[in-house]
Structures are given as structure tokens and as C-alpha cells.
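Read through the structure below, which is laid out as C-alpha cells, and then see the notes.
Here the structure is a predicted model, which means the values were calculated and not measured. We use all heavy atoms of the structure for the numbers below, so side chains are in, but hydrogens, waters and symmetry mates are not.
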Amino acid sequence: MSAVSDRLPTFPWDKLEPYKKTAAAHPDGIVDLSVGTPVDPVPELIQKALIAAADSPGYPTVWGTPELRDAITRWVEHRLGAREVTHRHVLPVVGSKELVAWLPTQLGLGPGDKVAFPRLAYPTYEVGARLARAEHVAYDDPTELDPAGLKLLWLNSPSNPTGRVLAKEELTRIVAWAREHGVLVLSDECYIELGWEADPVSVLHPDVNGGSYDGIVAVHSLSKRSNLAGYRAAFLAGDPAVLGPLLQIRKHGGMMTSAPTQAAVVAALGDDEHVRVQRERYAARRTVLREALLAHGFRIEHSEASLYLWATRDESCWDTVAHLADRGILVAPGDFYGPAGATFVRVALTATDSRIRTAAHRLTP
């Protein structure tokens with residue numbers, strides 16, 4: 001067991017504990033903006049669907065019910081503009097983090113293979129490469145990578161942590177390059193419904209992929225759009241030649257979404273109204289926090305989408321974390337997402353309206 005754990009970096013969030021204690025000591029308590037975990041209620045129609053399926057004594061299937069696959073294919077076409085999506089093009093997964101961490105291993109990658117991800121990125125992309133004993137490389141422009149040995153290319157638009165959105169033309173160029181070199185593209189699109197100053201586009205859109213899903217897979221999650229982080233509900237959509245073998249591997253591994261969760265996902269994907277309501281909540285919180293940070297002397301870069309503000313005072317991210325912790329506000333240091341984030345912090349929008357207002361008040365000059 002130690003041989004496996006020794007491949008992994010120190011769990012980054014453990015480093016934040018002293019600052020969390022400082023923030024928690026504030027007379028009016030902590031405002032925790034460090035983790036993008038939903039705080040708003042699970043929509044009632046989703047809760048009802050979960051409850052109605054609570055009497056599920058049998059094993060669920062890894063591929064999910066036909067109703068679940070129908071719901072995913074309909075949503076992918078309705079929301080992302082994908083065309084001719086069948087059940088063979090979709091695969092439910094047990095939350096997107098599990099998928100990201102274990103995908104290189106499930107693809108059979110190992111020593112000599114390379115996994116690439118953005119210079120500023122969700123740390124689990126690197127963890128997945130390490131678990132598979134594959135090499136990992138960070139990029140600014142993936143088309144400038146050496147394709148030799150490159151087996152898996154992670155895209156992330158909208159980005160965690162920066163909120164950057166890749167334009168349709170950029171996605172098209174990257175997909176074409178990856179296909180030319182036989183590189184599998186995994187596009188993490190978990191924040192695609194949270195575009196503020198840009199309209200994010202999926203790699204599943206025909207303008208990007210030319211009407212073919214060859215060599216591309218998109219990752220989607222219901223954690224943010226539907227407040228279902230506690231349900232562990234996500235799915236893949238794309239190339240059947242990739243998803244088919246993954247389905248067989250995951251059957252052997254027992255990686256199945258619970259039956260009540262599957263029913264809840266059907267309800268969630270079939271309703272747009274709760275997504276609109278949640279977007280409005282986050283938009284209002286974003287406005288309050290953004291104005292407060294700017295007034296406090298921060299500069300905000302990108303952040304045109306997602307649940308975060310990528311902010312800097314042009315100092316060490318840990319100095320900024322300490323500065324805000326003294327005011328009872330906890331944020332994530334930018335270097336959690338790569339050395340390029342050393343002078344930035346990631347500020348999450350995931351706190352209640354009242355706590356967001358409290359944070360803004362504490363930032364008032």
C-alpha cells in the first residue's frame with residue numbers, strides 16, 4: 001500500500017489547516033470560500049425522485065438504466081448541440097473525481113506513456129497519471145507538446161481554477177491536432193453551464209468535432225449545476241470505441257452509481273428551471289464578491305466562467321491566504337493548481353448569500 005501512496009503528492013488541502021483555524025477564530029466565524037462545494041438545497045424534484053427510488057434492493061448496473069441513458073443522450077443533444085448520440089456514446093460514472101483519478105489506469109496507461117493537462121489545473125489530473133505510473137506534462141498550448149508517447153490529453157473549459165473558457169476555434173484546432181497524432185482527448189466540462197462573460201462550447205459540438213466523436217470524450221458532472229456533489233453523479237459522452245472497453249472494465253470493478261442516484265439524475269437532467277435558479281444565485285454572489293475583491297486591491301484574471309474568481313495581489317499566494325484568514329475568510333492558494341498559480345488565490349462562490357455578504361463587508365476598505 002505504501003508503494004502506491006508514495007507515488008502521490010502531499011494532499012494539498014492538509015496544508016490549509018492552520019489558516020482555517022485562524023479564519024475560524026474570527027469573532028463572527030469563518031467564511032469558507034476555499035472549496036467549491038455546493039451549499040444550497042438539492043432541488044425538490046430531484047429529492048423526490050431519489051426518495052421514490054429508495055426501495056432498490058437489487059444491484060444497479062454500471063451502464064445505468066435505459067431511462068438514465070435516455071436522459072443523458074437527450075441532455076447532450078439539447079444542451080451541448082451534439083448530434084446522433086446513442087446509448088453507446090454515454091457512460092455514467094461515480095462522480096467525476098473518481099473518473100479523473102482512475103482513467104489513465106483503466107485505459108491501460110503506464111510507464112513510458114504521457115498524460116498532459118493545463119499548466120494551471122485540477123490536481124487530480126496529475127494524481128491519475130501518478131497512479132498509473134505514467135509520465136505527466138503540463139502545457140500552455142497542447143499543440144506545442146511533443147506527441148511522442150502522449151496518450152491522454154486533458155482539456156478543461158471552463159477551467160478550474162482560472163475560469164478561462166476555450167473558444168470554439170481553439171477547441172477545433174486542438175481536436176484536429178490530437179486526431180492527427182492519435183491522442184485521446186478528454187474534455188472536462190463540469191462547469192459548462194456556468195458561463196458568465198463567455199458561452200462555453202463542448203467538444204461534442206459538431207462545429208468542433210466535424211460531426212465525429214472519434215478520439216474525444218467529454219466529462220460532465222451534476223455536482224455544481226444541480227447541487228448533487230453528495231450524490232456522486234457524473235457521466236461521460238463521446239467515442240464508443242473508448243467508452244465500450246471502459247464499461248467492461250468498470251463492470252469488473254463494480255463501479256456503479258446507486259439506483260436512487262440514477263433516478264435522481266434522470267429528474268435533474270430533465271429539468272432546466274432549477275439550473276436557471278442556481279445560476280442566478282451564483283451570478284449574484286459573483287457580483288458581490290468580485291466588487292469587494294477589486295475594492296480591496298485585488299486584480300482578477302479570466303474568471304469568465306465557473307464557480308471561482310482567480311484573484312491576485314501580486315504577492316505570494318500564501319501571504320494572501322494569511323491576509324484573508326486574518327479577516328476570517330478562507331481561500332485556496334493558487335499553487336495548489338500548479339507553480340504558475342504562485343501569486344494567485346482561488347475564491348469560490350459556494351457560500352450562502354449571507355456569508356458572501358459577510359465576506360464582502362470584511363473586505364470593505
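Remark: Glu304 CD to Asp199 CG distance equals 12.0 Å, nearest 0.5 Å. Distance check, rounded to the nearest 0.5 Å: CG of Leu309 to CZ of Arg286 gives 6.0 Å. Taking CG of Leu109 as the reference point, atom CG of Leu131 lies at 12.5 Å (rounded to 0.5 Å). For the atom pair OG1 of Thr22 and CD1 of Ile30, the computed distance is 9.5 Å after rounding to the nearest 0.5 Å.
Side-chain contact between Glu98 and Val93 is present, with heavy atoms from C-beta onward closer than 4.5 Å. Residues Val31 and His361 have side chains not in contact (no heavy-atom distance under 4.5 Å, counting atoms from C-beta outward). A 4.5 Å side-chain heavy-atom check between Leu194 and Ser306 finds every atom pair outside the cut-off. Side-chain contact between Arg225 and Leu269 is present, with heavy atoms from C-beta onward closer than 4.5 Å. Within the 4.5 Å cutoff, the side chain of Gln278 has heavy atoms near those of the Tyr282 side chain. In this structure, the side chains of Leu33 and Leu324 stay at 4.5 Å or more apart for every pair of heavy atoms.
Annotation for Lys224 and Gly36: closest pair CE-O, 3.1 Å, computed over non-hydrogen atoms. Val165 and Ala305 get closest at one heavy-atom pair: CG2-CB, 3.5 Å. Nearest heavy-atom pair across Leu120 and Ala340 is CD2-C, 3.7 Å. In this structure, Glu84 and Tyr213 approach most closely via the heavy-atom pair O-CE1, 4.4 Å. Closest of all the heavy-atom pairs between Ala268 and Leu222 is CB-CD2, 3.5 Å. Of all heavy-atom pairs spanning Val347 and Leu293, the tightest one is CG2-CD1, 4.2 Å.
In terms of modelled atom types and a separation under 3.5 Å, the side chain of Arg133 and the main chain of Arg130 share no donor-acceptor contact. Thr162 places a side-chain N or O within donor-acceptor distance of the main-chain N or O of Arg164, the cut-off being under 3.5 Å. Under a 3.5 Å cut-off, the side chain of Arg179 and the backbone N or O of Asn209 do form a donor-acceptor pair. Side chain of Trp154 to main chain of Pro118: no donor-acceptor pair is present (N/O by atom type, distance under 3.5 Å, no hydrogens or angles). Looking at Glu77, its side chain does come within 3.5 Å of a backbone N or O of Val85 through a donor-acceptor pair. Put simply, the side chain of Arg69 gets close to the backbone of Gly64: a donor and an acceptor are under 3.5 Å apart. Listed for the Ser34 side chain is no donor-acceptor partner under 3.5 Å among the backbone atoms of Leu330. Formation of a donor-acceptor pair under 3.5 Å by the Ser159 side chain with backbone atoms of Asn156 is not found in this model. A side-chain donor-acceptor contact under 3.5 Å links Thr350 to the backbone of Val35. Checking side-chain atoms of His205 against main-chain N and O of Asp207 turns up a donor-acceptor pair under 3.5 Å.
Qualifying side chain to side chain contact (heavy atoms under 4.5 Å, CB included) partners for Asp353, counting only residues two or more places apart in sequence or in other chains: Arg285, Arg357. Every residue meeting the side chain to side chain contact (heavy atoms under 4.5 Å, CB included) condition with Asp319, not counting sequence neighbours, appears here in chain and number order: Glu315, Ser316. Scanning for side chain to side chain contact (heavy atoms under 4.5 Å, CB included) contacts around His26 gives Asp28, Arg362, with sequence neighbours left out.
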What's the verdict on side-chain contact (heavy atoms from CB on, under 4.5 Å) for Val94 and Arg250, showing C-alpha distance, side-chain angles and the deciding distance? CA-CA 10 Å; Val94 192; Arg250 295 173 67 84; 4.1 Å; yes
Report the C-alpha distance between Thr86 and His89 in whole Å, list the side-chain angles of each, state the deciding distance to 0.1 Å, and finish with yes or no for side-chain hydrogen bond (donor to acceptor under 3.5 Å, both in side chains). CA-CA 5 Å; Thr86 72; His89 293 92; 2.9 Å; yes
Please evaluate residues Leu153 and Ile174 with respect to the criterion side-chain contact (heavy atoms from CB on, under 4.5 Å), reporting the C-alpha separation (whole Å), side-chain torsions for both, the decisive distance (0.1 Å), and the verdict. CA-CA 10 Å; Leu153 172 63; Ile174 293 168; 3.9 Å; yes
Given side-chain hydrogen bond (donor to acceptor under 3.5 Å, both in side chains), test Thr73 with His87 step by step and report yes or no. CA-CA 7 Å; Thr73 57; His87 286 195; 4.9 Å; no
Go through Phe344 and Tyr337 one step at a time and tell me if the ring pair (Phe, Tyr, Trp, His ring centres under 6.0 Å) criterion holds. CA-CA 10 Å; Phe344 284 81; Tyr337 309 94; over 10 Å; no
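Ionic pairing of Lys48 and Glu44 is present here: one or more N-O contacts between side-chain nitrogen and carboxylate oxygen are shorter than 4.0 angstrom. Ion pairing of Arg79 with Glu189 is absent here, as no side-chain N (NZ or NE/NH1/NH2) approaches a carboxylate O to less than 4.0 Å. Ion pairing between Arg276 and Glu280 holds under the 4.0 Å rule for side-chain N and carboxylate O.
Ring geometry, His136 versus Phe117: the interplanar angle falls under 30°, so the pair is classed parallel (tilted spans 30 to 60°). Ring geometry, Tyr19 versus Trp318: the interplanar angle falls from 30° to 60°, so the pair is classed tilted. The aromatic rings of His296 and Phe298 sit parallel to each other, their planes meeting at less than 30°, with 60° as the upper class boundary. Below 30°, between 30° and 60°, or above 60°: for His220 and Phe235 the angle between ring planes is below 30°, a parallel geometry.
Within 6.0 Å of atom CZ in Arg88, 12 or fewer heavy atoms from other residues, nucleotides or ligands are found, so the atom counts as exposed in its surroundings. Crowding of Asp55 atom CG: a count of heavy atoms from other residues, nucleotides or ligands under 6.0 Å not exceeding 12. For Trp75, the CH2 atom counts as densely surrounded, since its 6.0 Å shell holds more than 12 non-hydrogen atoms of other residues, nucleotides or ligands.
Between Thr320 and His323, the side chains place no donor N or O within less than 3.5 Å of an acceptor N or O (distance only, hydrogens not considered).
With respect to Leu152, the side-chain contact (heavy atoms from CB on, under 4.5 Å) criterion is satisfied by exactly one of Asp113, Val185, Val183, Leu184: Leu184.
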